[in-house]
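Okay, so here's the structure we're looking at.
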There are 2 protein chains.
Amino acid sequence: MKKSLADKIEQYLKVLIDRSEGKQIEIQRAELAETFSCVPSQVTYVISTRFQEKFGYRTESRRGGKGFVRITRFAVTSDIATINDADKLFHFINELVEKKILELNEGSMLKHIVASASSTLNDEERKNLYNSVARALNEYLNLNH
Amino acid sequence: MKKSLADKIEQYLKVLIDRSEGKQIEIQRAELAETFSCVPSQVTYVISTRFQEKFGYRTESRRGGKGFVRITRFAVTSDIATINDADKLFHFINELVEKKILELNEGSMLKHIVASASSTLNDEERKNLYNSVARALNEYLNLNH
DNA sequence: TCCTATTTGACTTTATTTGACTTTCTTGTA
DNA sequence: TACAAGAAAGTCAAATAAAGTCAAATAGGA
């Protein structure tokens, strides 16, 4: 995938978080913008689109001198309950692939299973399936990683 | 039969997929249209008529800057229709692991997901899930071995 | 001819990038 | 202590980049 600037900044931050103690980092918006030669609001954009609560991140910040933006990842697991459509589930699976927790092929396989299985279900059943798979996958990963 | 433009684009994409790692490619619609000197919606047309689920392809996309269209192929086959309960499916998975077609942990993951996810589904949904997983596995196997 | 598949293009929706302006802190100084 | 200056982050809207939709026009085959 051709990476947009937003994608690169996202990836950079995720690596920092991965390597951090406590899955938490503090950055200075202006400094990060400097690093990527972009305007500071670009950083705000990335944070507000990619590090939302529903993706398992929480952010805090402070303005003024010695200001900062703090990003905390809470266990990948805690927002599983909200996965009830194909987009969210696929997003979840894609993230696992990105993080190298799943292989590309494993991700493809899972996505196919879901797409295939859901095609004969009604809306209610489908939601159920998406959520069940997300829970089950998460459960499995918790046990094995 | 004279090849239409749509046919040529289809063929081109299939070659790309064949040569790709993981039977998955990402293209930019506008760029491909440029290559074939046609309007972008022509590409959309090709993708929506030739790369459907029923032909063994799945697509995802993103609009906006650095957007893309991702096409993934999974092979389609048909003689696993009989797998419709947990025992048969688990037996099938175990065999694949024994034959070293699946890794031990891949097998575990699938069994876990299936067992766990199926517990919240009704009978009809459950059968569906078992069969879908069997099919997906078979496809996975066709692609990678 | 009639039907279906293809081609084209105008318009829509979504995502990203940029920058001007606003708000909120911290710190130094009277 | 109060206040002004400066440092950071936030907001918002415009500009740009890509993909999607839909329907009209055209081409090709039975």
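Just so it is clear: chains get the letters A, B, ... in the order the sequence lines come, proteins before strands, and each one is counted from 1.
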Worksheet entry | R50(B) side chain near dT6(C) phosphate (N/O to OP1/OP2, under 4.0 Å) | yes
Fill in: Candidate nucleotides dT7(C), dA18(D), dT17(C), ranked by approach to the side chain of Y45(B) - the nearest
dT7(C)
Worksheet item: Think S61(B) has a side-chain N or O under 4.0 angstrom from the OP1 or OP2 of dG20(D)?
Response: yes
Worksheet item: Quick check: does any side chain N or O of K127(A) sit under 3.5 Å from a backbone N or O of D85(A), one acting as donor and the other as acceptor?
Response: no
Discussion item. In whole Å, I'd like the distance from the CD1 atom of I9(B) to the P atom of dT6(C).
Written reply: 11 Å
Fill in: Spacing between F36(A) atom CZ and dT18(C) atom P, to the nearest angstrom
13 Å
Worksheet, complete the sentence: Ranking dT16(C), dT7(C), dT21(D) by distance to the side chain of R29(B), first place goes to dT21(D)
Worksheet item: CD1 of I47(A) versus P of dT11(D): gap in Å, rounded?
Response: 12 Å
Discussion item. Nearest whole Å is fine: how far is dA15(D) C1' from R63(B) CZ?
Written reply: 18 Å
Item to complete: Verify the cluster assignment for I17(A) and V46(A): are they in a single hydrophobic cluster under the rule of side-chain heavy atoms below 4.5 Å apart?
Response: yes
Worksheet item: How long is the line joining NZ of K3(A) and P of dT16(C), in whole Å?
Response: 13 Å
Worksheet item: Taking for each residue the nucleotide of DNA chain C with the nearest heavy atom, is it S37(A) or K66(A) whose nucleotide lies nearer the 5' end?
Response: S37(A)
Worksheet item: Between K2(A) and D7(A), is there a salt bridge with N-O shorter than 4.0 Å?
Response: no
Worksheet item: Between atom CD in Q42(A) and atom C1' in dT17(C), what is the gap in whole Å?
Response: 6 Å
Worksheet, complete the sentence: Checking dT21(D), dT6(C), dA19(D) against the side chain of A6(B) (C-beta onward), the nearest is dT6(C)
Worksheet item: Separation of L5(A) atom CG from dT16(D) atom P, in whole Å?
Response: 17 Å
Fill in: Spatial distance of atom CD1 (I71(A)) from atom CG (L16(A)) [nearest 0.5 Å]
9.0 Å
Worksheet item: Taking atom types as modelled and ignoring hydrogens, do the side chains of S116(B) and R135(A) form a donor-acceptor contact shorter than 3.5 angstrom?
Response: no
Worksheet item: Hey, is the side chain of R62(B) poking within less than 4.0 Å of OP1 or OP2 on dT16(C), counting only N and O atoms?
Response: yes
Practice prompt. On DNA chain C, check which nucleotide each of G65(B) and V39(A) is closest to and give me the residue with the more 5' one.
Written response: G65(B)
Worksheet item: Expressed in angstrom and rounded to an integer, what is the separation of F51(A) atom CZ from dG10(D) atom P?
Response: 14 Å
Worksheet item: S41(B) side chain: which of dT21(D), dT6(C), dG20(D) is closest?
Response: dT21(D)
